[in-house]
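See below for the structure under consideration.
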2 protein chains.
Amino acid sequence: MAIQPRQKPETVSTQYALDDQIGFILRKVSQRHTAIFAAAFPDLTAPQWATLAKLYESGPTSQNQLGRLVALDAATIKGVVDRLGARGLTMTAPDPADARRVVVALTEAGRKEAERGFPVAEAVTVETLAALSVEERAQLVQLLKALE
Amino acid sequence: MAIQPRQKPETVSTQYALDDQIGFILRKVSQRHTAIFAAAFPDLTAPQWATLAKLYESGPTSQNQLGRLVALDAATIKGVVDRLGARGLTMTAPDPADARRVVVALTEAGRKEAERGFPVAEAVTVETLAALSVEERAQLVQLLKALE
DNA sequence: GGACAATTATTTGCATACAAATGAATTTGG
DNA sequence: CCAAATTCATTTGTATGCAAATAATTGTCC
């Protein structure tokens, strides 16, 4: 069947505009953030950086707990930790107190990478929010945190 | 080397708080939206729905152009269109005017699915934003659109 | 103490995302 | 008009993201 020219959908009054939906807007803003992040961190993804930064501030943490802290489910945090470990930024060891657990920690290289990254990550945030005034930035963060 | 208990990073004054960074917050809000969306649309992902909705409002569109309209790159829109096509919601045909192009259009089933979906998608937006007042919702959308 | 529930980590499968490379077709500029 | 640049679609490879199933371990509670 050939494709016919579209007929105006007169019967269905569609107020719905995809471009105004919060989910669609969130995805586009996230895409822009991802691009800014990638330019600033050529060798780390945002979830990888989040994992490094959280390990730095929390210290050695079990893998699943670490995942909860950085909002990555068990399957995803495993992959992230595996890749960070393969690059020598993290190390793992069994938890002596709980045989189910794997404790993840930064290596010295991981600590240094985190410390190098902090100002860069700040710059990523600033660049992402550059179109907004200081008040608007605070407002946006506050509104988004209400939706977490 | 065994994992040592963390030492407080006194040397590095870290104002940086991952949980306050816009990228991290965006990811968490997107995750919540994804969960709400999945509960409302058990058989469609958000990008699939976006594609259906945009096809409904724009009519037959070349695949890459469609991707631009829904913010999916050429590789990603191809997969989405393939899966929608496999389910009979879209159909494709070569563009007679340009042999490079593939024109994507809704099938009758796709049109019906879109029309069924509009009110559901509205409800997803409402539920995602439920924690905010009407003014705050408008404010949030306005701020996010400034960052697109 | 022991059955049962819950937690932890792993694995598989599917669906975005995006970079990069490719080949075919079209557009552009001189 | 024609060589170069651009566009379009596809393919490959890597990295999330999430559901579901599994095995091992630990916690609960009667």
Measure from the side chain of [X], starting at C-beta and using heavy atoms only, and say which of [options] lies closest.
X        : options                : value
A/Leu72  : C/dA25, D/dA15, D/dG17 : D/dG17
A/Lys78  : C/dA25, D/dC18, C/dT10 : C/dT10
B/Pro47  : C/dT11, C/dT16, D/dT10 : C/dT16
A/Arg100 : C/dT16, D/dT25, C/dT10 : D/dT25
B/Arg27  : D/dT12, D/dG17, C/dA9  : D/dG17
A/Ala99  : C/dT10, D/dA15, D/dT26 : D/dT26

Apply the side chain to side chain contact (heavy atoms under 4.5 Å, CB included) test between A/Ile77 and each candidate in A/Val70, A/Leu69, A/Val104, A/Asp82; give the one that qualifies.
-> A/Val70

Examine [N]: is either OP1 or OP2 under 4.0 Å from a nitrogen or oxygen in the side chain of [X]? Give yes or no.
X       : N      : value
B/Gln31 : D/dC18 : yes
A/Gln63 : C/dT10 : yes
B/Gln65 : D/dA9  : no
B/Thr76 : C/dT16 : no

How many whole angstroms separate atom [atom1] of [X] from atom [atom2] of [N]?
X       : N      : atom1 : atom2 : result
B/Asn64 : C/dG23 : CG    : C1'   : 14 Å
A/Arg87 : D/dT14 : CZ    : P     : 14 Å
A/Arg83 : D/dG17 : CZ    : C1'   : 11 Å
A/Asp73 : C/dT11 : CG    : C1'   : 13 Å
B/Asp95 : C/dA25 : CG    : C1'   : 12 Å

Would you say the side chain of A/Leu72 lies within less than 4.5 Å of the side chain of A/Thr51, judging by non-hydrogen atoms?
-> yes

Would a 4.5 Å heavy-atom cut-off, applied to side chains only, mark A/Glu57 and B/Tyr16 as touching?
-> no

Checking A/Glu148 side chain against B/Ile25 main chain: does a donor-acceptor pair fall under 3.5 Å?
-> no

Donor-acceptor pair present, A/Arg101 side chain and C/dT8 base, under 3.5 Å = no

Would you please indicate if the ring centroids of B/Trp49 and B/Phe118 are separated by under 6.0 Å?
-> yes

Please figure out whether B/Asp98 or A/Arg68 has its closest DNA chain C nucleotide nearer the 5' end.
-> A/Arg68

